[in-house]
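Note that this is a predicted model, so its numbers are computed, not measured.
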Amino acid sequence: IAALIGERAAVAGHRPWPRYEIDHDTWLAIGRALGDGEGDLLGLWGDTDDVHLALRAAGEAAPFVVSVRVKNADFPSIGKFHVPAIRPERAVRDLHGFAPLGIPDRRHWLDHGAWGVRMPLGARTPAGKRDPAAYDFLPVEGHGLHQIPVGPVHAGIIEPGHFRFSVNGEIVARLEERLGYVHKGID
């Protein structure tokens, strides 16, 4: 992964790790490398004009950050190569309004329709009427499967969440969670 950065100069004054501005093609190449196990995703977040990815590359002593400029309110999804990036990409879309192009899961992650605005860290457009309970849980099919809904309030966790356990006896075939019920729309 470090070879993809090449001879780029780090952004001055970025702490604690160096940060590099990269293009969309390099962003996708880093996503493929993460998907191939060549590094670890440490964080993915957005700001006014960029999306940032903190990672640790295999064989490198220190982590670093790469940033890609958002073009036309979108950026390339690395979640299609590295599944752990999907939820942070969904959060960037909900909070900033930046669309991750090619993301495998287009559902909202943090925006339950209860904030009164959409994209609170971006355009802050008024929210239309949307039922906060409406959510397309992924279907699970098979002989002997039962679905057990739990929440959105559950005593065993600090933040309210809604969980759907799809089970066959004691075997959990799928667990899908919906968190963010008390998210305040901040990064």
Side-chain angles (χ1 to χ4, degrees), residues 27-28 30-46 51-56 73-187:
W27 179 267
L28 287 171
I30 288 173
R32 284 186 197 94
L34 286 172
D36 291 339
E38 297 176 24
D40 299 314
L41 170 70
L42 302 178
L44 192 152
W45 67 97
V51 176
H52 309 280
L53 174 68
L55 65 144
R56 183 182 358 258
D74 56 40
F75 65 99
S77 170
I78 62 169
K80 60 187 174 185
F81 307 113
H82 190 58
V83 174
I86 293 173
R87 287 188 182 143
E89 287 179 345
R90 289 167 64 190
V92 166
R93 186 195 57 225
D94 284 355
L95 295 173
H96 294 276
F98 302 148
L101 296 174
I103 189 171
D105 189 345
R106 299 191 48 81
R107 298 173 296 166
H108 289 281
W109 179 241
L110 297 175
D111 185 357
H112 295 270
W115 292 336
V117 296
R118 293 185 60 238
M119 302 170 283
L121 299 179
R124 293 189 58 88
T125 60
K129 292 291 181 185
R130 184 162 51 98
D131 180 5
Y135 187 74
D136 294 327
F137 284 95
L138 300 176
V140 178
E141 299 175 2
H143 179 71
L145 284 177
H146 301 279
Q147 193 172 77
I148 304 166
V150 178
V153 178
H154 187 264
I157 59 172
I158 295 170
E159 179 188 15
H162 177 78
F163 303 89
R164 296 268 177 110
F165 293 88
S166 297
V167 298
N168 186 344
E170 293 184 13
I171 304 296
V172 177
R174 176 187 301 276
L175 166 61
E176 202 169 353
E177 66 280 345
R178 186 165 190 218
L179 305 175
Y181 283 90
V182 295
H183 199 284
K184 295 176 178 75
I186 57 175
D187 225 355

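Side chain of D94 to main chain of L110: a donor-acceptor pair is present (N/O by atom type, distance under 3.5 Å, no hydrogens or angles). With hydrogens and angles disregarded, no donor-acceptor distance shorter than 3.5 Å links the side chain of E176 to the backbone of F165.
Remark: R90 pairs with D105, Y135 by the side chain to side chain donor-acceptor pair (under 3.5 Å) rule, at least two apart or across chains.
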Practice task
For side-chain contact (heavy atoms from CB on, under 4.5 Å), just list the numbers for V51 and W45, CA-CA rounded to whole Å, side-chain angles, deciding distance to a tenth of an Å, and then say yes or no.
Solution key: CA-CA 6 Å; V51 176; W45 67 97; over 6 Å; no
Problem - Verdict with supporting geometry, L175 and F163, side-chain contact (heavy atoms from CB on, under 4.5 Å) - result: CA-CA 7 Å; L175 166 61; F163 303 89; 4.1 Å; yes
Handout entry: side chain to side chain donor-acceptor pair (under 3.5 Å) between R32 and H82, intermediate numbers included
Key = CA-CA 7 Å; R32 284 186 197 94; H82 190 58; over 6 Å; no
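Between W27 and I78 the shortest side-chain heavy-atom distance falls below 4.5 Å. Between L28 and F81, some side-chain heavy-atom pair lies under the 4.5 Å cut-off. No side-chain heavy atom of L145 sits less than 4.5 Å from a side-chain heavy atom of V167. Using a 4.5 Å cut-off on side-chain heavy atoms (C-beta onward), D136 and H108 make no contact. With a 4.5 Å cut-off on side-chain heavy atoms, L55 and L41 do not count as touching. Counting only heavy atoms from C-beta outward, the side chains of P100 and R93 approach each other to under 4.5 Å. For the pair S77 and L101, the minimum side-chain heavy-atom distance is 4.5 Å or more. Side-chain atoms of E89 and L44, non-hydrogen and from C-beta on, do get closer than 4.5 Å to each other.
At most 12 non-hydrogen atoms from other residues, nucleotides or ligands lie less than 6.0 angstrom from CZ of R124. For CG of L138, the number of neighbouring non-hydrogen atoms (other residues, nucleotides, ligands) closer than 6.0 Å is greater than 12.
Here F75 and H96 keep their ring centres 6.0 angstrom or further from each other.
In this structure, CG in L53 is found 8.5 Å from CG in L42, a value given to the nearest 0.5 Å. In this structure, R178 CZ and W109 CH2 are separated by 9.0 Å, a value rounded to the nearest 0.5 Å.
Under the side-chain hydrogen bond (donor to acceptor under 3.5 Å, both in side chains) rule, E177 has a single partner from R87, R164, H162, which is R87.
Residues I86 and P104 share a closest heavy-atom pair of CD1-CG, 3.8 Å.
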